[in-house]
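Encoded as structure tokens, the structure appears first; notes follow it.
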Amino acid sequence: MIKHFRIFLAYFGLGYGRAMILIVLGSVVVAIFEAMGVLLIFPLMALVVNPAEAISSGMIGRLYDFVGSPPIKVFTALFSVIVGAVYLGRALFQIGFTRWQYRLIARWKIAICYRFFCKFLDADYGYHVQRNSTRIISLITTTVELVLNNFMYHIISLTAQIITATLLCLSMIIFHPLVTVVVGIFFFVLFQFQNTYIKKRIRDVGGHVAQFKAENAFAIQQALGAYKETKVNLKEKYFRTMFMSANKRLMDAEGRLLFFQSIPVTTTEIIVLSVVIIAFNMITVAGETSQAVMQSLAVIVVTMFRLIPTVNRSLTSITFINSAIYPLDMLVKEADAVGFRAGATDAVDEAEPPAMVLEQALSLRGVGYTYPGAAQPALRDINLTIRRGEFVGIIGPSGAGKTTLIAVLLGFLRAETGDYDVDGKRIDDQRIRSLRHSIGYVDQQPFIFDATVMENVAFGVEKADIDRNRVEQALHQAQLWDVVSGLESGIDSFVGENGKCFSGGQRQRLAIARALYKQPSLLILDEATSALDVDTEQRLSETIRHLKGSLTIIVIAHRLSTLQACDRLIMMKDARIVDDGAYEELLQRNETFRHLVYASQVRGTDDRDRRETPIDAVLGCDDSPEGQ
Ligand code: ADP
Ligand code: MG
């Protein structure tokens, strides 16, 4: 347990670890109150049972003299008020102290979640490609909560309980060493039993709860995320079963955990009751007078009365702590994966590097990249220079490495071999941020917020700071204005979860408007027009043609109309660049290209299908050597 606590502090202390000292001090204060309350019962009992003897000597005697020897009854009343005040003081302090602890834990949770969130945002593309997003969500929302509530809170609670129990036992030792020893042995055995017999089971079941929670969330997301596919394929039963089994396992595990958590309360009650009976017998067997027996019993009963909840809480805390070991391990593993401990300041608080604009050219030299676990490289020896103002089209069959190449240009993937530089400057982590200021990018599957058109176009800008005119202009450029202006609330209309209320082509144009709103100097479109009809695509090509020259454009596209507008085409195949030249040049020297243009033209004249043939449909099935 101590080992885990050290690990916890090392990873997730975040400056809050020091508060543990205050917690220990506060717990000592509570324990002193507690012990004083118990110790004061003895003289109070003495005053009630045999007042004359009680005031004749010791502390009571001195106090009696100090307050000017009032009548015994008045003194007894006064003394009971003092005892009451001690209990009241304890209660008030406890309330304040508890409130402070909860607030501390709340702030601690905020700090950990925030740091995790920042680290997830900072984590490189490779990390996100391999992680399932529900797992990340459940880590931030559930696992941090589990660890803080079940591990951290109970470590604090256990510390407080142990200090209190120790002081209570110490005060009892003064009166009844033998009884204390017997009680001590009982509790020791109880703790040992808890530690050895059920510890492992609790750890296992705690692990199951954390794991099944994540699986449960995953099952729900899978089923509801694929709503249409589920219905069309009549697979409701499959997902019902998947959800049922995940949920059943979770609920069963939670039930077992609750059962384990309830065990200590019952066992301690039995043990404490036995201890009181044994103590009673020990005192009478020792042959003490009835007055002394009364007093001793009063002290023991009061001590036990305080000790029972203390021991109960300690045992419960141990259960909770054990149940949180697995989630803690999960958190630690994830923390290692995202570099949670590295870098004290969170990226958000760092000053942004100044914007960097492509002035002359960007170039890749000998760039290679292989995805983790992949058998073949996704990029091999890529040599490519793109000058400012060029309009470059990238073509090639699917799986050729086009998207991967873009991911390298955007700095999502770091080239494993070779160099990437812009205007002669090597692109490192700092420079890529500078460059991103001036990059407009449209993903193959653009993400659309569940927000208004305006907020989607001005991505991540505070509502008050959005330039509405610029939004409208971007929508015009993206050929989406006709659609948006026809909506009831115009640019203030909501687009639904992931743009549900828009068609595929409209979503793409929304994403293009987003890229243009940024007024980029480098525009990168990854199959951003694949879902558009020919007319819209041609109008968009027109817009892009107008932009040509003022900014650098890289498009991955399959449509001839877009490709004809390009200054230069780069053909990729099997992770390599296999040709690079103007449309006309490729037409002359590249057999594959000629073939595909021919095929597109033939099919393009078919009036029943106004969509042109995507180029990779032709490229993909053509295995002839590239013409020179
Ligand atoms: P394109 O965009 O040309 O269709 P990609 O660049 O997306 O192709 O993919 C190139 C190759 O890399 C493909 O063979 C693909 O299977 C592989 N690939 C893409 N993403 C990953 C990934 N996250 N992990 C492993 N392999 C990947
Ligand atoms: Mg792709």
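We count ligands from 1, going down the list as the structure has it; atoms in each ligand are counted the same way.
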Could you tell me which residues satisfy side chain to side chain donor-acceptor pair (under 3.5 Å) with R135, sequence neighbours excluded, listed by chain and number? none
Checking ring pair (Phe, Tyr, Trp, His ring centres under 6.0 Å) for the pair Y114/F116: CA distance, chi angles, key distance, verdict? CA-CA 5 Å; Y114 182 65; F116 257 119; over 10 Å; no
Quick check on the Mg ion (ligand 2): does T404 put an N/O/S atom closer than 2.8 Å to it? no
Hey, could you give me each pair passing ring-ring contact (aromatic ring centres under 6.0 Å, His included) that has a residue in residues 501-539? Not counting sequence neighbours. none
With Q445, which residues qualify under side chain to side chain contact (heavy atoms under 4.5 Å, CB included), at least two apart? D443
Shell of residues surrounding ligand 1, defined by a 4.0 angstrom heavy-atom cut-off that is strict: V129, Y371, A378, P397, S398, G399, A400, G401, K402, T403, T404
Could you tell me whether K213 and E145 make a salt bridge, using a distance below 4.0 angstrom between a side-chain N and a carboxylate O? no
Tell me whether R414 is salt-bridged to D429, with the criterion being a basic N under 4.0 Å from an acidic carboxylate O. yes
